[in-house]
Amino acid sequence: MTKIKVFPNFWQALLYNYLLPIIITIVIGLILVFVFKVTIPFKEIQIFTKSFGHLFTIPFLLFFLWKSKIKISWSEFTTVNLNNLLIIIPLAIGVEFMFFGTMHLFERLFNRNYHSLQTKSTYYLSVIHILVASPVIEEILYRRIFLHQFLRQYSSWVAIIFSTFIFVIPHVPTIIYPELFIPFFITGLFLGIVYYKTKSVLLCMISHFILNAITYLPIDSMFK
């Protein structure tokens with residue numbers, strides 16, 4: 001019996017979605033700095049990324065949709081189970097409180113200051129980016145494509161952990177704050193479980209929206 005090949009597997013997803021863009025970015029940056037003597041305005045790049053970052057994710061999203069031959073129907077974005085929704089909303093709120101609580105614990109343990117990572121941007125484009133573009137694009141890519149395909153290749157928990165790992169890496173400055181892998185992993189794990197249990201990308205998007213929306217509320221001050 002011939003084993004059916006499924007794209008992407010874990011290593012393909014990691015290479016194309018993370019390692020390849022990083023390598024390209026580093027090469028372009030080195031060329032600009034050492035060949036053309038261009039000074040890279042990191043502050044402006046950070047602002048641009050917060051407002052338009054997922055514009056660069058869309059080509060990879062389309063690539064994986066094309067290569068994996070996944071067909072996504074509109075009903076996946078318009079149909080939701082009300083009972084599941086009522087359960088997931090308080091769970092998402094609880095997970096986000098765990099996220100802030102874990103970050104505060106690490107601030108105490110490692111004498112850190114993560115304030116710069118939690119800054120509430122006043123840019124309208126940044127708000128739209130984090131509340132609309134991020135939940136939609138990331139949930140299609142990491143859950144509907146990656147996790148969906150991983151579940152066809154690996155056991156359920158291995159698939160969830162693999163997809164969570166790939167989801168977390170771009171979100172965490174692991175070189176500077178390696179301990180933050182844990183709270184972001186908890187968040188990604190929750191979203192992976194939501195998809196595994198409900199098979200609803202819309203519920204994942206709603207959960208992701210709630211998680212991101214809470215970051216704009218002053219609840220982190222409760223842990224200070």
Side-chain angles (χ1 to χ4, degrees), residues 10 13-19 21-22 25 46 49-50 53-54 56-57 60-61 88-121 126-127 129-147 150 157-197 201 203-224:
F10 171 74
L14 183 65
L15 173 65
Y16 286 109
N17 185 63
Y18 182 66
L19 296 181
I22 289 295
T25 301
Q46 186 178 23
T49 301
K50 287 183 177 180
H54 279 299
F56 298 98
T57 310
F60 289 95
L61 173 63
I88 285 172
I89 289 176
L91 287 177
I93 295 173
V95 167
E96 191 65 1
F97 270 88
M98 288 177 58
F99 176 86
F100 281 110
T102 306
M103 290 188 70
H104 178 61
L105 175 63
F106 286 152
E107 282 185 326
R108 294 291 185 87
L109 289 176
F110 300 104
N111 193 27
R112 303 283 204 186
N113 182 5
Y114 304 132
H115 180 71
S116 61
L117 299 178
Q118 303 173 36
T119 300
K120 280 70 175 179
S121 174
S126 178
V127 175
H129 181 265
I130 195 171
L131 296 185
V132 180
S134 179
V136 172
I137 294 175
E138 290 187 2
E139 291 313 308
I140 293 176
L141 181 62
Y142 294 110
R143 254 61 65 174
R144 183 58 180 88
I145 298 178
F146 289 170
L147 179 53
F150 291 170
W157 277 109
V158 170
I160 293 172
I161 290 172
F162 276 177
S163 65
T164 301
F165 181 82
I166 294 177
F167 166 77
V168 171
I169 289 179
H171 289 80
V172 181
T174 51
I175 296 178
I176 304 175
Y177 306 120
E179 68 277 4
L180 288 187
F181 187 89
I182 294 176
F184 279 93
F185 190 86
I186 293 173
T187 301
L189 196 65
F190 167 70
L191 293 169
I193 293 173
V194 169
Y195 183 79
Y196 172 67
K197 291 294 185 179
V201 67
L203 281 176
C204 291
M205 291 176 182
I206 294 173
S207 301
H208 199 142
F209 170 84
I210 294 172
L211 295 171
N212 285 0
I214 292 176
T215 64
Y216 279 85
L217 300 177
I219 66 166
D220 56 326
S221 61
M222 296 173 58
F223 297 99
K224 301 300 182 182

- For Phe150, all residues meeting ring-ring contact (aromatic ring centres under 6.0 Å, His included), sequence neighbours excluded: Tyr154
- So how far is it from Arg112 CZ to Glu179 CD, rounded to the nearest 0.5 Å? 4.5 Å
- Message: Testing the basics here: between Thr164 and Ile160, what is the closest heavy-atom pair and its distance to 0.1 Å?
- Response: OG1-O, 2.7 Å
- Query: Quick one: CG on Leu14 to CD1 on Ile169, what's the gap to the nearest 0.5 Å?
  - Reply: 5.5 Å
- Query: How would you list, by chain and number, every residue that makes a side chain to side chain contact (heavy atoms under 4.5 Å, CB included) with Leu131, sequence neighbours excluded?
  - Reply: Val127, Phe209, Asn212, Ala213
- Query: Who passes side-chain hydrogen bond (donor to acceptor under 3.5 Å, both in side chains) against Thr57, sequence neighbours left out?
  - Reply: His54
- Task: Step through the shown structure and confirm whether more than 12 heavy atoms of other residues, nucleotides or ligands are within 6.0 Å of CZ on Phe56.
- Result: no
- Output the distance between atom CD1 (Ile182) and atom OG1 (Thr102), rounded to the nearest 0.5 Å. 8.0 Å
- What pairs with Leu15 under side chain to side chain contact (heavy atoms under 4.5 Å, CB included), at least two apart in sequence or on another chain? Leu19
- Task: Find the distance between CD1 (Ile137) and CG (Leu61) and round it off to the nearest 0.5 Å.
- Result: 7.0 Å
- Task: Apply the test side chain to side chain contact (heavy atoms under 4.5 Å, CB included) to residues Phe190 and Val194: give CA-CA distance (whole Å), side-chain angles for both, the deciding distance (0.1 Å), then the verdict.
- Result: CA-CA 6 Å; Phe190 167 70; Val194 169; 3.8 Å; yes
- Distance from His171 atom NE2 to Leu180 atom CG, nearest 0.5 Å? 13.0 Å
- Does some side-chain heavy atom of Phe10 sit less than 4.5 Å from a side-chain heavy atom of Phe165? yes
- Message: Using the rule given for side chain to side chain contact (heavy atoms under 4.5 Å, CB included), can you reason through Tyr195 versus Leu191, listing the C-alpha separation, both sets of side-chain angles and the distance that settles it, and then say yes or no?
- Response: CA-CA 6 Å; Tyr195 183 79; Leu191 293 169; over 6 Å; no
- Note on the structure: In terms of heavy-atom contacts, Glu139 and Cys204 come closest through OE1-CB, 3.2 Å
- Task: List in chain and number order the residues that pass side-chain hydrogen bond (donor to acceptor under 3.5 Å, both in side chains) with His129, two or more places apart in sequence or in another chain; answer none if no residue qualifies.
- Result: none
- Taking the six-membered ring where the residue is Trp, are the ring centres of Phe99 and Phe184 under 6.0 Å apart? yes
- Task: Would you give the length of the straight line joining atom CZ of Phe97 to atom NE2 of His104, rounded to the nearest 0.5 angstrom?
- Result: 13.5 Å
- Query: Listed by chain and number, what are the side chain to side chain contact (heavy atoms under 4.5 Å, CB included) partners of Tyr16, not counting sequence neighbours?
  - Reply: Phe7, Gln12, Leu20, Phe63, Phe64
- Query: With a 4.5 Å heavy-atom cut-off, do Ile206 and Ile88 have their side chains touching?
  - Reply: no
- Task: Applying side chain to side chain contact (heavy atoms under 4.5 Å, CB included), run through Leu189 and Val95 and close with a yes or a no.
- Result: CA-CA 10 Å; Leu189 196 65; Val95 167; over 6 Å; no
- Query: What heavy-atom pair brings Glu96 and Ile214 nearest, and what distance separates the two atoms?
  - Reply: CG-CG2, 3.5 Å
- Task: Taking side chain to side chain contact (heavy atoms under 4.5 Å, CB included) as the test, write out the residues that go with Pro21, two or more places apart.
- Result: Phe60
- What are the two closest heavy atoms between Ala92 and Ser207, and how far apart are they? CB-O, 4.3 Å
- Message: Restricting to non-hydrogen atoms, name the atom on Pro183 and the atom on Met103 that form the minimum distance, rounded to 0.1 Å.
- Response: CG-CG, 4.1 Å
- Query: Considering only heavy atoms from C-beta outward, does the side chain of Met205 approach that of Ile140 to under 4.5 Å?
  - Reply: yes
- Partner of Phe167 under ring-ring contact (aromatic ring centres under 6.0 Å, His included), picked from Phe181, Tyr18, Tyr142, is Tyr142
- Query: What residues form a ring-ring contact (aromatic ring centres under 6.0 Å, His included) with Tyr196, not counting sequence neighbours?
  - Reply: none
